[in-house]
Amino acid sequence: MLERVDIRTIASSYGETVTLQGWLYNKRSSGKLHFLQLRDGTGVIQCVVFKGDVEEDVFEAAGHLTQESAIRVTGEVRKDERSPLGFEIGVSALEVMHQAEPYPITPKEHGTAFLMDHRHLWLRSSRQHTILTIRSTIVAACRDYYDTNGFTLIDAPIFTPNACEGTTTLFATDYFGEDAYLTQSGQLYVEAGAMAFGKVYCFGPTFRAEKSKTRRHLTEFWMVEPEVAYMDLDGDMDLAEDFISFIVERVLNRHRADLEALERDVEALERTQKPFPRISYTEAVDLLKEKGVDHPWGEDFGGDEETVLAASFDRPVIVHHYPAACKAFYMKADPADSRVALCMDVLAPEGYGEIVGGGQREDDLEELRRKIAEHDLDEEPFNWYLDLRRYGSVPHAGFGLGIERTVAWICGLRHVRETIPFPRMLQRLTP
RNA sequence: UCCGGCGUAGCUCAGUCGGCAGAGCAGGUGGCUGUUAACCACCGUGUCGCAGGUUCGAGUCCUGCCGCCGGAGCCA
């Protein structure tokens, strides 16, 4: 394969004649000149076709190119102050690989419903391209963080025989005549992994059949879930803030220009430094009261409460020790006050809501059985999970971080639907 | 499930008091040697979401339904 020249690194080919392969992003003409904006997936560069420089049929063909036509362009890389890149291509040859049909996404405005119907094409637009590039960096940062900190990747299954938490709605499927559900969390399985490997994480898609219609919800989303044996709630909070600040720092280092292109307030992101403020649920209720929001102790926070709490701090805030009644059965109760659980949520600033939820797990066999019963769950499917408390049970903790909400927060997007290549939502299964 | 909003050309939208359905973009043809969502001239485009109703006459008013968007609940 010939050495490939990317637009992203075109500066290193200054003065040379190169061949670029890509698609026509836009075109402007001026008599004996055609200005072709060429997109190759790494960037966009202007290619200038002058009538005197190329064969007549090539000049003619360039004038008839439609948006997103596939072309291979050969020409000299030259400096030009008028170019945003600082470089442009003086075209000497042009090969039309495919003359595109009229392209639906024009250089004018479109509504989100139309764009989502054409998501497979919308991915080519510069803004979507930037967002998904940052998502790619965030996903890599998650893996790098755990891989370099002694964690082993133990992925959880997607098909599960029962509800992990029993609280949210699951997608049911037919598994050779048996009921199976798409996982809503790898939680229970990474606990088994932690007892085998010490420090583990899983990273995969999760599914929630909730009829949520908000900017923060997808029915299919990605979650990274670390789980550590011999770790308590404090250790869990330390891990979460270290992990989140690592991701943000990585994005700031590699994507400053991209964040600015997205009109993200970079200074607000730069404040994401450890330590994060930590307040208990009870303190949060008091804080809400101070801010004029009356919230009864014992009820979980809604989106509005989370927004008020998050707005009180300049970086992510950790809220811990929620009432046990509004948390999952596997959360360990606080030995000092059984009304609250050893759990924590991380709320992102600027109204992005909960990006992390986790805590210390119940490690006592009888306590756990009692909680399963309290939550009206059938004990039998959890027998393997109870085994973890029969054979060398130890304190352990972990959490789940939602990738799409994290991407939305870091990129400063209004809606999570633009943070994933092909979003699955209440009213969206295609493309 | 509940509350609110919107459905008119391929797309984004306008359409006044109920009186011939219209702009920009995209597409086509032509023009221009430096364009930056280029520009200029000309050309084509309709189940006005669907079904009823009122009226001489409905895109416009009324009723029902459908679809989508935003929010709530629930959650990451």
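All values below come from the heavy atoms of this structure, side chains included, with hydrogens, waters and symmetry mates left out. Below, chain A is the first sequence line, B the second, and so on; all start at residue 1. This is a predicted model, so every value here is computed, not measured.
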Opposite nucleotide pairing with [N], Watson-Crick or G-U, both atom distances under 3.5 Å:
N      : value
B/rC68 : B/rG5
B/rG44 : none
B/rC61 : B/rG53
B/rA76 : none
B/rA21 : none
B/rC39 : B/rG31

Would you classify [X] as touching base, sugar-phosphate or nothing, given that sugar-phosphate means primed atoms plus P, OP1 and OP2, and contacts are heavy atoms under 4.0 Å?
X        : result
A/Val416 : nothing
A/Phe221 : base
A/Arg215 : sugar-phosphate
A/Arg78  : base
A/Glu404 : nothing
A/Gly52  : nothing
A/Thr112 : nothing
A/Lys51  : nothing
A/Leu401 : nothing
A/His217 : base

Separation between the [atom1] atoms of [N] and [M], rounded to whole Å:
N      : M      : atom1 : result
B/rA41 : B/rG67 : C1'   : 41 Å
B/rU60 : B/rG18 : P     : 11 Å
B/rU16 : B/rA58 : C1'   : 15 Å
B/rA51 : B/rC43 : P     : 34 Å
B/rU47 : B/rA21 : C1'   : 14 Å
B/rU36 : B/rC25 : P     : 14 Å
B/rG44 : B/rA23 : P     : 12 Å
B/rC48 : B/rG52 : P     : 13 Å

Could you work out which one of [options] sits closest to the side chain of [X]?
X        : options                : value
A/Ser29  : B/rC32, B/rC75, B/rG70 : B/rC32
A/Arg216 : B/rC25, B/rC75, B/rA76 : B/rC75
A/Thr106 : B/rC25, B/rG70, B/rU33 : B/rC25
A/His64  : B/rG30, B/rC25, B/rC75 : B/rG30
A/Pro102 : B/rA72, B/rG27, B/rA76 : B/rG27
A/Thr66  : B/rG27, B/rG10, B/rA76 : B/rG27
A/Asp80  : B/rG34, B/rU33, B/rG70 : B/rG34

Given that A/Gln427 and A/Val346 both sit by RNA chain B, which one's nearest nucleotide is further toward the 5' end?
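By nearest-heavy-atom nucleotide position, the 5'-most residue is A/Gln427.
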Closest nucleotide of RNA chain B for A/Gln37 versus for A/Glu60: which of these residues is on the 5' side?
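Nearest-nucleotide comparison on RNA chain B picks A/Glu60.
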What is the distance from atom [atom1] of [X] to atom [atom2] of [Y], rounded to the nearest 0.5 Å?
X        : Y        : atom1 : atom2 : answer
A/Ile279 : A/Leu287 : CD1   : CG    : 5.5 Å
A/Tyr25  : A/Gln46  : OH    : CD    : 14.0 Å
A/Ser125 : A/Arg119 : OG    : CZ    : 9.0 Å
A/Phe207 : A/Leu170 : CZ    : CG    : 11.5 Å

Checking only heavy atoms, does the side chain of [X] share a donor-acceptor pair with the base of [N] at less than 3.5 Å?
X        : N      : answer
A/His110 : B/rC11 : no
A/Arg428 : B/rC69 : no
A/Glu88  : B/rG34 : yes
A/Ser212 : B/rC74 : yes

Are A/Glu225 and A/Ser185 close enough, and set up right, to give a side-chain hydrogen bond (donor to acceptor under 3.5 Å, both in side chains), and what steps lead you there?
CA-CA 8 Å; A/Glu225 296 173 273; A/Ser185 166; 3.0 Å; yes
What residue among A/Tyr146, A/Tyr189, A/Tyr145, A/Phe399 forms ring-ring contact (aromatic ring centres under 6.0 Å, His included) with A/Tyr201?
A/Tyr146
ring-ring contact (aromatic ring centres under 6.0 Å, His included) pairs touching residues 29-85 of chain A, sequence neighbours excluded, are A/His34-A/Phe59
Any side-chain N or O of A/His34 below 4.0 angstrom from OP1/OP2 of B/rG34?
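For B/rG34, OP1/OP2 do not have a side-chain N/O of A/His34 under 4.0 Å.
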Between [atom2] of [N] and [atom1] of [X], the distance in whole Å:
X        : N      : atom1 : atom2 : answer
A/Ile420 : B/rA76 : CD1   : P     : 17 Å
A/Leu33  : B/rU33 : CG    : P     : 8 Å
A/Arg417 : B/rG71 : CZ    : P     : 8 Å
A/Lys327 : B/rA76 : NZ    : C1'   : 10 Å
A/Asp300 : B/rA72 : CG    : P     : 14 Å
A/His118 : B/rC11 : NE2   : C1'   : 9 Å
A/Leu429 : B/rC68 : CG    : P     : 12 Å
A/Glu68  : B/rC25 : CD    : P     : 20 Å

How about CD on A/Glu260, more than 12 heavy atoms from neighbouring residues, nucleotides or ligands closer than 6.0 Å, or not?
yes
Using a 5.5 Å cut-off between ring centres and planes within 30 degrees, is A/Tyr103 stacked on the base of B/rA26?
no
Proximity of A/Tyr330 and A/Phe382 rings by center, below 6.0 Å:
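Ring-ring flag for A/Tyr330/A/Phe382: false, centres at least 6.0 Å apart.
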Test log, rule salt bridge (Lys or Arg N to Asp or Glu O under 4.0 Å), inputs A/Arg256 and A/Glu270
CA-CA 11 Å; A/Arg256 186 165 291 265; A/Glu270 281 171 336; 2.8 Å; yes
